[in-house]
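The shown structure was predicted, so the numbers you read here are calculated from the model rather than taken from an experiment.
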Amino acid sequence: MMKAYIFLTVFLLSASHVQAQNKAWQNVLGSVDKVSETLLKELKNATIFKSDDKRIIVSVNGSKPFTSYKSGEKHDKVVFLVNGEKVYAPAKIEYNEYYNIKDGKKQYVTNKIIIYPKDDIRYLENNQIYALKKDIDKKEPYKLTSDATIYNKDGSLKYGIKHQKDIWVIDLYSNKNTPILSFSTDRHWVNEHTNVLNCWTFNKPNAIGELGKIINKTSKGIYTGNAHAGTFQSNTNEIYTGYFAPISGISQGTVLFRERNGKGEWVLIVGDAIEETLPALISQKPNVSQLQQQIQVTPYTGNKIYKSGKETLNLFNSANDYLGNYSSNPTDGYGVKYQTTGDPTPAKEILMEVGIFEQGKLNGLGYRVKGDAEMRFLKDKPYGLQHKLTVEAGIFSGGVLAKGRTFILDKVEELNSFWHRNYWAKSPIKGFNFIQTNAIPIDTLQFYEKVRYADVKSEGLAQVFVEKLNRWVNIIGLDNNQNLLVKGDDGSAVTLDQSAGNVYFQSTKRKPIEVRCSKTKVVKRYKAVKEDVYWKDSQGRTLITDIDRSGYLKPIKVYTSNKQVLDGYETVTCTICNGAGYYQSYTTEKIMYRLDLTPNNLYSKVSDALKKSFDTTDAENTLFGSSDHLQFEADSYLNLFNNDATRTYDHLKEYNKNLQYQWIKTAKNAREIYTAFADLFYLIYQKNPNASYYFLTTIHANSYKESLAIVTSKYPEARAYISKKAKEILNKK
């Protein structure tokens with residue numbers, strides 16, 4: 001464990017320890033460096049035969065359900081499902097069964113179903129071997145061992161591990177001719193095989209050859225090669241060739257040759273995107289075999305012990321160093337090189353370059369990482385190295401960056417503490433240094449109601465989710481122009497406007513729900529009975545007689561009491577739903593909204609016009625809902641509707657909502673607002689019936705039903721049109 005921890009803290013060169021970080025190719029090419037999580041889940045399901053779902057077992061001995069037998073019994077033929085495929089074997093089945101009482105009846109629940117195969121497992125359809133008995137785990141006989149061989153239905157290999165000295169070769173196929181995954185790994189890291197592009201072990205000059213061939217099918221294509229150089233063919237028939245993982249721990253960029261539509265070009269990938277391209281001839285396409293053969297590896301031979309006074313730190317505690325030099329010895333043309341220096345601390349300096357070289361220097365598209373190290377101390381004891389990295393990416397001339405960008409990362413060990421952060425990619429919003437790279441916590445493809453921040457600030461929001469940053473950021477408040485202010489990565493205030501893209505916030509609402517309920521329930525019935533009560537002595541015996549003062553026996557006086565005793569059961573009307581079969585309740589749910597960050601010019605125009613109208617005496621009584629006022633609003637709405645840029649659901653709905661907020665401040669009562677909406681609707685209807693339909697359907701929910709009722713009463717011909725229009729739209733759907 002200590003060994004692994006030291007590897008973790010020194011240089012971040014181990015790919016196995018930084019697998020959660022975003023790699024340069026993660027979004028451009030899919031996760032070339034990692035095995036698909038979906039694939040891993042399918043593989044796990046293929047090796048473990050237990051579930052809480054009764055449907056895992058199809059049949060037992062050809063007929064009866066397995067619950068007809070006692071748990072723990074062995075059966076001659078158990079048919080069960082593995083990833084939806086029917087397989088069978090003689091097996092023992094264990095399960096847990098209990099029951100609940102509902103409506104006075106027992107309802108049985110079966111869970112914790114475990115299948116223990118006792119012989120080879122075969123496909124039901126054609127009797128082909130799925131897995132052999134020898135590969136069933138002896139300690140946990142409901143699963144296959146980690147190095148079991150699993151076969152496809154056609155008899156070809158589905159999954160298997162071959163042992164070759166200290167290397168394990170892992171192969172996974174969907175059918176005989178379609179490899180999903182194939183790679184070799186140091187057997188010590190076999191449990192980390194979710195990472196395909198493994199770290200280098202520089203003490204082995206032939207490490208590249210030993211790492212063997214990798215085939216990895218991602219969501220965007222297939223990668224073939226080894227852990228350093230290879231080819232990626234995308235689902236869109238683009239072919240990328242070159243050095244994919246110059247240094248898997250510190251590199252977030254590389255240069256590759258891309259071939260598409262019969263033409264070639266060099267592409268620079270930084271962070272999560274192609275940042276720069278340069279035209280190239282197809283004849284310049286690198287040969288993968290030559291790239292792999294050109295790499296020269298020199299193991300690290302420097303001092304592994306750091307000394308500080310009397311304190312020492314064994315930086316590696318192993319001969320399997322993650323340091324050293326390797327290079328394709330690029331003089332002219334495409335290549336890569338990585339160098340570290342030794343004393344006084346291992347890898348005091350590092351240099352990694354990949355791209356186009358001329359006379360040994362980057363000249364053309366390139367990516368360079370330079371760094372130096374210093375020791376960190378914990379309670380005056382050496383604790384591990386931290387790096388300061390300078391990254392240059394773009395077009396070089398004579399080894400000097402001529403066009404591109406330079407960025408510096410201080411204290412790189414902190415990147416290990418903040419996994420899922422991509423500091424390499426360009427930040428899309430000024431004031432923020434990184435993009436979050438783990439899964440988006442909300443479904444940004446879903447439709448969310450759009451609301452202005454100024455209208456929801458009373459909810460006491462603490463954070464908003466910025467889609468371009470893929471993360472939540474803290475809210476500061478509003479600036480003088482009512483724009484949203486959030487806290488940047490350096491602590492400064494950052495204004496979010498339309499250029500920030502989609503910004504979301506989350507609110508908690510009480511939502512009415514209808515809960516199903518039994519109309520009746522079974523209850524105990526009681527009756528009153530009389531019971532004689534006798535005295536008891538200290539030992540619990542009934543006393544029939546007693547001795548009076550004169551010494552003569554006399555009978556004990558018997559007392560009678562009333563007692564409630566069970567008199568059977570009866571069915572009565574449920575007192576919760578009163579026989580309705582359901583009752584109303586509430587649940588708390590989280591609702592996501594999208595913030596409208598557009599300038600408020602349209603709404604301020606309406607607001608200013610209303611304010612000007614109400615500046616006169618008795619404005620509330622004379623101007624609200626007047627013909628002039630409503631005509632102004634009708635013209636404003638029609639201008640909106642007749643403009644392609646503003647004839648959107650968000651614009652129309654926001655116009656009505658803002659209008660209602662203005663009216664709330666000036667109307668005498670809610671009835672005036674509902675009437676004004678109805679009258680305004682009719683003015684719009686007279687000029688453009690289609691516009692009036694969308695006006696009515698985008699009225700704020702607080703006013704819609706009441707306004708529609710007034711329209712029905714005052715303007716029946718318009719109401720008939722609305723009904724007809726609604727049916728037409730419904731039929732189109």
**Q** Heavy atoms, side chains only, cut-off 4.5 Å: are Glu275 and Ile269 in contact?
**A** no
**Q** Is there a side chain to side chain contact (heavy atoms under 4.5 Å, CB included) between Ile222 and Gln233? Walk through the geometry before answering.
**A** CA-CA 5 Å; Ile222 296 180; Gln233 182 159 356; 5.5 Å; no
**Q** Can you name the closest pair of heavy atoms from Ser707 and Ala678 and give their distance?
**A**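 So the two residues come closest at O-CB, 4.0 Å.
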**Q** Compute whether any side-chain donor of one residue and acceptor of the other, for Asp490 and Ser492, lie under 3.5 angstrom apart.
**A** yes
**Q** With the side chain counted from C-beta on, respond yes when Arg471 and Val466 share a heavy-atom pair under 4.5 Å apart, and no when they do not.
**A**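 No, side chains not in contact.
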**Q** Output the distance between atom NZ (Lys54) and atom CD (Glu97), rounded to the nearest 0.5 Å.
**A**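 Taking NZ in Lys54 and CD in Glu97, the distance rounds to 7.5 Å.
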**Q** Answer yes if the ring centres of Tyr685 and Tyr715 are under 6.0 angstrom apart, and no otherwise.
**A** no
**Q** When you measure from the side chain of Asn639 to the backbone of Asp635, do you find a donor-acceptor pair of N or O atoms at a distance under 3.5 Å?
**A**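 Confirmed, Asn639 side chain pairs with Asp635 backbone.
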**Q** Please check if the side chain of Asn470 supplies one atom and the backbone of Gln436 the other of a donor-acceptor pair under 3.5 Å.
**A**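 Looks like yes, one N/O pair under 3.5 Å.
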**Q** Out of curiosity, Phe49 CZ to Ile113 CD1, how far, rounded to the nearest 0.5 Å?
**A** 15.0 Å
**Q** Can you name the nearest heavy-atom pair linking Glu633 to Tyr655, along with the distance?
**A**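 Heavy atoms only, the tightest pair is OE1-OH, 2.7 Å.
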**Q** Closer than 3.5 angstrom, by distance alone: can the side chain of Arg525 be matched with the main-chain N or O of Asp567 as a donor-acceptor pair?
**A** yes
**Q** If I compare all heavy atoms of Lys468 with all of Ile435, which pair ends up nearest, and what's the gap?
**A** O-CG2, 4.1 Å
**Q** Using a 4.5 Å cut-off on heavy atoms from C-beta on, say whether the side chain of Gln506 contacts that of Trp472.
**A** yes
**Q** Nearest 0.5 Å, what's the NE2-CG distance between His629 and Asp679?
**A**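 It is 11.5 Å, given to the nearest 0.5 Å.
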**Q** Nearest 0.5 Å please: distance from the CZ atom of Phe232 over to the OG1 atom of Thr218.
**A**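 Going from the CZ atom of Phe232 to the OG1 atom of Thr218 covers 3.5 Å.
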**Q** Answer yes or no: is there a side-chain heavy-atom contact under 4.5 Å between Lys430 and Val494?
**A** no
**Q** Between Tyr637 and Phe695 (side chain of the first, backbone of the second, donor and acceptor by atom type, cut-off under 3.5 Å), is there such a pair?
**A**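 Checked: pair present.
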**Q** Report yes or no: does Asn474 contribute a side-chain atom to a donor-acceptor pair with the main-chain N or O of Gln463 at less than 3.5 Å?
**A**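 Not confirmed, Asn474 side chain does not pair with Gln463 backbone.
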**Q** Could you tell me if the side chain of Tyr721 sits less than 4.5 Å from the side chain of Asn690, heavy atoms only?
**A** yes
**Q** Are the side chain of Arg260 and the backbone of Thr236 linked by a donor-acceptor contact shorter than 3.5 Å?
**A** no
**Q** Output the distance between atom CD1 (Ile48) and atom CG (Leu43), rounded to the nearest 0.5 Å.
**A** 9.5 Å
**Q** Take Tyr682 and Val711, measure what side chain to side chain contact (heavy atoms under 4.5 Å, CB included) needs, and give me the verdict at the end.
**A** CA-CA 8 Å; Tyr682 190 64; Val711 167; over 6 Å; no
**Q** Is there a side chain to side chain contact (heavy atoms under 4.5 Å, CB included) between Lys521 and Thr575 once you walk through the steps?
**A** CA-CA 9 Å; Lys521 62 180 180 178; Thr575 55; 3.3 Å; yes
**Q** Do the side chain of Ser427 and the main chain of Phe432 share a donor and acceptor less than 3.5 angstrom apart?
**A** yes
**Q** Identify the heavy atoms of Lys86 and Val79 that sit nearest to each other, and give their distance.
**A**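 Reported closest heavy-atom pair: CB-CG1, 4.3 Å.
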**Q** To check you understand the geometry: which heavy-atom pair defines the closest contact between Lys519 and Ala580, and what is its length?
**A**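 Taking every non-hydrogen atom into account, CE-O, 3.9 Å.
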**Q** Can you tell me how far the CD1 atom of Ile722 sits from the CZ atom of Phe681, to the nearest 0.5 Å?
**A** 4.0 Å
**Q** Using the side chain to side chain contact (heavy atoms under 4.5 Å, CB included) rule, take Tyr223 and Tyr240 through it: C-alpha gap first, then chi angles, then the decisive distance, then the call.
**A** CA-CA 9 Å; Tyr223 174 81; Tyr240 296 80; over 6 Å; no
**Q** If we only count heavy atoms from C-beta on, is the Leu469 to Pro428 side-chain gap below 4.5 Å?
**A** yes
**Q** Got Phe66 and Thr110 here, is their nearest side-chain heavy-atom distance under 4.5 Å?
**A** yes
**Q** Any donor and acceptor pair, going by atom type alone, linking the side chain of Ser713 with main-chain N or O of Ile710 inside 3.5 Å?
**A**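 No, the answer is negative, given that no donor and acceptor are paired below the 3.5 Å cut-off.
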**Q** Which heavy atom of Ala493 sits nearest to which heavy atom of Leu485, and what is that distance?
**A**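 Smallest heavy-atom distance, with atoms named: CB-CD2, 4.5 Å.
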**Q** Judged by atom type as modelled, is there a donor-acceptor pair below 3.5 Å linking the side chain of Asn45 to the main-chain atoms of Asn83?
**A**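 Absent.
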**Q** Decide yes or no for Tyr582 and Arg516: does some side-chain heavy atom of the first lie under 4.5 Å from some side-chain heavy atom of the second?
**A** no
**Q** Any donor and acceptor pair, going by atom type alone, linking the side chain of Asp489 with main-chain N or O of Asn433 inside 3.5 Å?
**A**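 A pair under 3.5 Å: yes.
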